[in-house]
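See structure below.
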Amino acid sequence: MPDIRLLSAADARDRLSDLCEVLADCVNGGASVGFMQPYEQADALPYWQGVADSVESGATLLFVAVIEDRVVGTVQVGAAQMPNQPHRGDLKKLLVHRSARGNGLARLLMDAAEREAARIGKTLLVLDTATGSDAEAIYPRLGWQRVGVVPDYAMWPEGGLCDTTLFYKRIAA
């Protein structure tokens, strides 16, 4: 059974190697999450160090799925918003290592993120994902509402423009 954890900044720094492996695996597997191929674990280190700093400042909630003491999935909630948006959070980087997919980890990570976001007073979460990706199909099954598509929003990691689908979900605080 996977263990879903909310990490502190110190915990995130202790798990940098695992986090880098998950991100590199997802990017090299075609996930459009901001990075381009080829993508090595070492390339992911500055990103995750920045996330750990953001966790430390309270701007980000970082969740991981751990199986046999190895991080195999992660998701973040951007909790720091502008003064006119204290009720909103941004769901970011739902990532599951290809070797751990099919075990319900995305749902477990999302459930944990939504519960904690509600606990800290968020009532609305938003996210964007590559249109036509495997990830896009997950969110409606988890109760997220599709808003629309922005054409040519980003690039696939192997190159070429991709559209992005926007979603939102109201959660109980």
Side-chain angles (χ1 to χ4, degrees), residues 1-29 31-35 39-82 85-101 103-130 133-135 138-139 142-144 154 157 166-169 171-173:
M1 183 74 174
D3 181 19
I4 306 300
R5 302 176 189 170
L6 173 62
L7 296 188
S8 68
D11 293 336
R13 290 183 181 106
D14 287 344
R15 294 294 193 153
L16 285 173
S17 178
D18 283 354
L19 291 165
C20 289
E21 180 181 343
V22 170
L23 181 55
D25 176 74
C26 290
V27 171
N28 289 318
S32 179
V33 291
F35 306 99
Y39 195 76
E40 302 298 326
Q41 289 184 36
D43 299 327
L45 187 58
Y47 172 76
W48 286 114
Q49 288 171 328
V51 171
D53 292 344
S54 186
V55 168
E56 189 165 55
S57 75
T60 298
L61 305 174
L62 174 61
F63 297 86
V64 295
V66 178
I67 296 176
E68 296 179 2
D69 201 40
R70 179 176 158 240
V71 172
V72 294
T74 182
V75 70
Q76 301 166 49
V77 175
Q81 300 296 339
M82 297 301 292
Q85 301 167 27
H87 62 288
R88 185 174 68 79
D90 293 320
L91 194 102
K92 304 184 279 187
K93 304 277 191 286
L94 175 62
L95 305 168
V96 176
H97 196 284
R98 287 177 286 177
S99 68
R101 291 183 185 165
N103 295 309
L105 297 180
R107 177 180 295 278
L108 293 171
L109 285 162
M110 293 291 285
D111 286 349
E114 291 170 18
R115 275 193 313 274
E116 185 64 15
R119 191 193 69 74
I120 65 168
K122 304 300 179 185
T123 58
L124 178 70
L125 294 176
V126 296
L127 66 83
D128 65 81
T129 191
S133 67
D134 291 342
I138 293 170
Y139 301 112
L142 300 178
W144 287 72
L166 305 174
F167 287 92
Y168 75 93
K169 186 172 185 181
I171 57 174

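Source: prediction; values computed, not measured.
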ask   = Quick check: does any side chain N or O of D25 sit under 3.5 Å from a backbone N or O of E21, one acting as donor and the other as acceptor?
value = no

task = Examine distances only and state if a side-chain atom of K93 and a backbone atom of V33 form a donor-acceptor pair shorter than 3.5 Å.
result = yes

Could you check if a side-chain atom of [X] sits within less than 4.5 angstrom of a side-chain atom of [Y], using non-hydrogen atoms only?
{"X": "R88", "Y": "L125", "value": "no"}
{"X": "R15", "Y": "C20", "value": "no"}
{"X": "P2", "Y": "L108", "value": "yes"}
{"X": "L45", "Y": "L16", "value": "yes"}
{"X": "S32", "Y": "S133", "value": "no"}
{"X": "I171", "Y": "L124", "value": "no"}
{"X": "L105", "Y": "I67", "value": "yes"}
{"X": "T74", "Y": "L19", "value": "yes"}

How long is the straight-line distance from [atom2] of [Y] back to [atom1] of [X], given to the nearest 0.5 Å?
{"X": "K169", "Y": "L91", "atom1": "NZ", "atom2": "CG", "result": "10.0 Å"}
{"X": "Q41", "Y": "D18", "atom1": "CD", "atom2": "CG", "result": "9.0 Å"}
{"X": "L94", "Y": "Y139", "atom1": "CG", "atom2": "OH", "result": "4.0 Å"}

request  = Could you tell me which residues satisfy salt bridge (charged side-chain N to carboxylate O under 4.0 Å, His left out) with R5, sequence neighbours excluded, listed by chain and number?
outcome  = D3

key: Non-neighbouring partners of D128 that pass salt bridge (charged side-chain N to carboxylate O under 4.0 Å, His left out), sequence neighbours left out   = none

note = L142 meets the side chain to side chain contact (heavy atoms under 4.5 Å, CB included) criterion, sequence neighbours left out, with R107, M110, I138, W144

Show the nearest heavy-atom pair for residues [X] and [Y], with the distance to one decimal.
{"X": "G29", "Y": "R98", "answer": "CA-NH1, 3.4 Å"}
{"X": "A135", "Y": "T129", "answer": "CB-OG1, 3.5 Å"}
{"X": "Q81", "Y": "G89", "answer": "NE2-CA, 3.7 Å"}
{"X": "V72", "Y": "A100", "answer": "CB-CB, 3.7 Å"}
{"X": "V77", "Y": "A117", "answer": "CG1-CB, 4.4 Å"}

query = So does D134 have more than 12 non-hydrogen atoms from other groups sitting under 6.0 Å from CG?
reply = no

task = Check the pair L23 / L95 against side-chain contact (heavy atoms from CB on, under 4.5 Å), numbers first and verdict last.
result = CA-CA 7 Å; L23 181 55; L95 305 168; 3.8 Å; yes

key: Set of residues satisfying ring pair (Phe, Tyr, Trp, His ring centres under 6.0 Å) with respect to Y47, sequence neighbours excluded   = F35

Ion pair E116/K122, N-O distance below 4.0 Å = no

key: D90-Q76 side chain donor-acceptor pair, cut-off 3.5 Å   = no

Sequence neighbours left out, cut at 3.5 Å: what donor-acceptor pairs do the side chains of residues 51-66 make with other protein atoms?
from: D53; atom 1: OD1; to: R13; atom 2: NH2; distance (Å): 2.7
from: S54; atom 1: OG; to: T60; atom 2: OG1; distance (Å): 2.5
from: E56; atom 1: OE1; to: R13; atom 2: NH2; distance (Å): 3.3
from: S57; atom 1: OG; to: S54; atom 2: O; distance (Å): 3.0
from: S57; atom 1: OG; to: A59; atom 2: N; distance (Å): 3.4

task = With sequence neighbours left out, write down each residue that passes side-chain hydrogen bond (donor to acceptor under 3.5 Å, both in side chains) with R115, or none if nothing qualifies.
result = none

